[in-house]
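Working notes, beginning with the structure itself.
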Amino acid sequence: CSSLALVSNKVAITHMPVPASIFCLQLSVTILFIYTAQRAQWLEVDVIKWGNVKCFIPYICSFVISLYSNGRALASSNVETVIVFRACSPLCVSVLDYLFLGRELPSRRSTAALFGVLAG
């Protein structure tokens with residue numbers, strides 16, 4: 001599903017080179033779908049409360065930054081490059097987990113697999 005969305009976004013950005021507008025449209029359609037499903041009683045949706053939103057502001061900002069960065073990367077490179085960089089994120093996360101959260105580094109086998117993905 002993620003690769004289909006990536007290719008779809010690349011096609012959309014190729015025809016309309018404004019990634020921010022494309023992602024805003026996608027998020028708006030998602031919100032519309034959620035509220036429509038709620039009205040049709042297919043989904044149970046919690047009421048939005050400022051206290052809950054305030055706790056998630058750092059995650060919301062990170063999500064928006066990652067969407068925008070992804071769109072800019074798709075606009076200036078091909079899909080394969082974006083896939084490789086996405087696949088490298090577990091390698092970066094494992095090192096950051098070790099440095100900041102005191103977790104173990106991946107085993108030799110896992111590290112070899114992560115570097116295999118990095119090598120392509």
Side-chain angles (χ1 to χ4, degrees):
C1 186
S2 177
S3 59
L4 178 61
L6 192 62
V7 171
S8 305
N9 285 335
K10 178 63 175 179
V11 170
I13 289 171
T14 301
H15 292 295
M16 193 172 95
V18 278
S21 298
I22 292 169
F23 291 126
C24 284
L25 178 63
Q26 289 175 347
L27 290 173
S28 299
V29 170
T30 301
I31 292 168
L32 180 65
F33 175 81
I34 290 170
Y35 281 122
T36 302
Q38 178 189 20
R39 301 278 304 201
Q41 297 180 349
W42 296 334
L43 288 177
E44 184 178 325
V45 180
D46 294 335
V47 177
I48 297 176
K49 298 177 186 169
W50 175 245
N52 294 345
V53 172
K54 192 168 47 171
C55 294
F56 284 97
I57 286 177
Y59 304 105
I60 294 167
C61 292
S62 299
F63 179 71
V64 169
I65 290 168
S66 70
L67 277 181
Y68 182 75
S69 300
N70 187 43
R72 297 295 299 158
L74 276 174
S76 61
S77 64
N78 59 19
V79 174
E80 293 83 7
T81 303
V82 175
I83 289 172
V84 169
F85 276 98
R86 277 188 179 182
C88 292
S89 63
L91 181 61
C92 298
V93 168
S94 65
V95 172
L96 293 173
D97 279 352
Y98 172 75
L99 292 174
F100 295 108
L101 299 177
R103 296 193 178 150
E104 289 184 28
L105 286 171
S107 66
R108 287 184 188 182
R109 184 176 176 188
S110 296
T111 302
L114 290 169
F115 277 109
V117 169
L118 179 64

Mind checking whether [X] and [Y] sit in one hydrophobic cluster, side chains of I, L, V, M, F, W, Y counted as touching below 4.5 Å?
| X | Y | answer |
| --- | --- | --- |
| Tyr68 | Ile57 | no |
| Val7 | Val82 | yes |
| Phe33 | Tyr35 | no |
| Leu99 | Leu101 | no |

Inset, instruction - Check whether any side-chain heavy atom of Asp46 lies under 4.5 Å from a side-chain heavy atom of Asn52, and answer yes or no. - result: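 A side-chain contact under 4.5 Å is absent here.
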Legend entry - Ile48, CD1: over 12 other non-hydrogen atoms inside 6.0 angstrom: no
Legend entry - Phe85 atom CZ: more than 12 heavy-atom contacts under 6.0 Å: no
Of all the heavy-atom pairs spanning [X] and [Y], show the shortest one and how long it is.
| X | Y | result |
| --- | --- | --- |
| Phe23 | Leu67 | CE1-O, 3.2 Å |
| Ala87 | Pro90 | O-CD, 3.1 Å |
| Leu74 | Lys10 | O-NZ, 2.6 Å |
| Ser94 | Leu105 | O-CD2, 4.2 Å |
| Gly71 | Ile13 | O-CD1, 3.7 Å |
| Ile22 | Met16 | CD1-O, 3.3 Å |

Inset, instruction - Calculate, to the nearest 0.5 Å, the distance between atoms OG1 and CG belonging to Thr30 and Leu25 respectively. - result: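 The OG1 atom of Thr30 sits 9.0 Å away from the CG atom of Leu25.
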Inset, instruction - Would you give the length of the straight line joining atom CZ of Phe115 to atom OG of Ser110, rounded to the nearest 0.5 angstrom? - result: 12.0 Å
Inset, instruction - Apply side chain to side chain contact (heavy atoms under 4.5 Å, CB included) to Asn9 and Gln26, showing your working. - result: CA-CA 10 Å; Asn9 285 335; Gln26 289 175 347; 2.5 Å; yes
Inset, instruction - Begin from the C-alpha positions of Val84 and Glu80 and carry the test side chain to side chain contact (heavy atoms under 4.5 Å, CB included) through to its verdict. - result: CA-CA 6 Å; Val84 169; Glu80 293 83 7; 5.6 Å; no
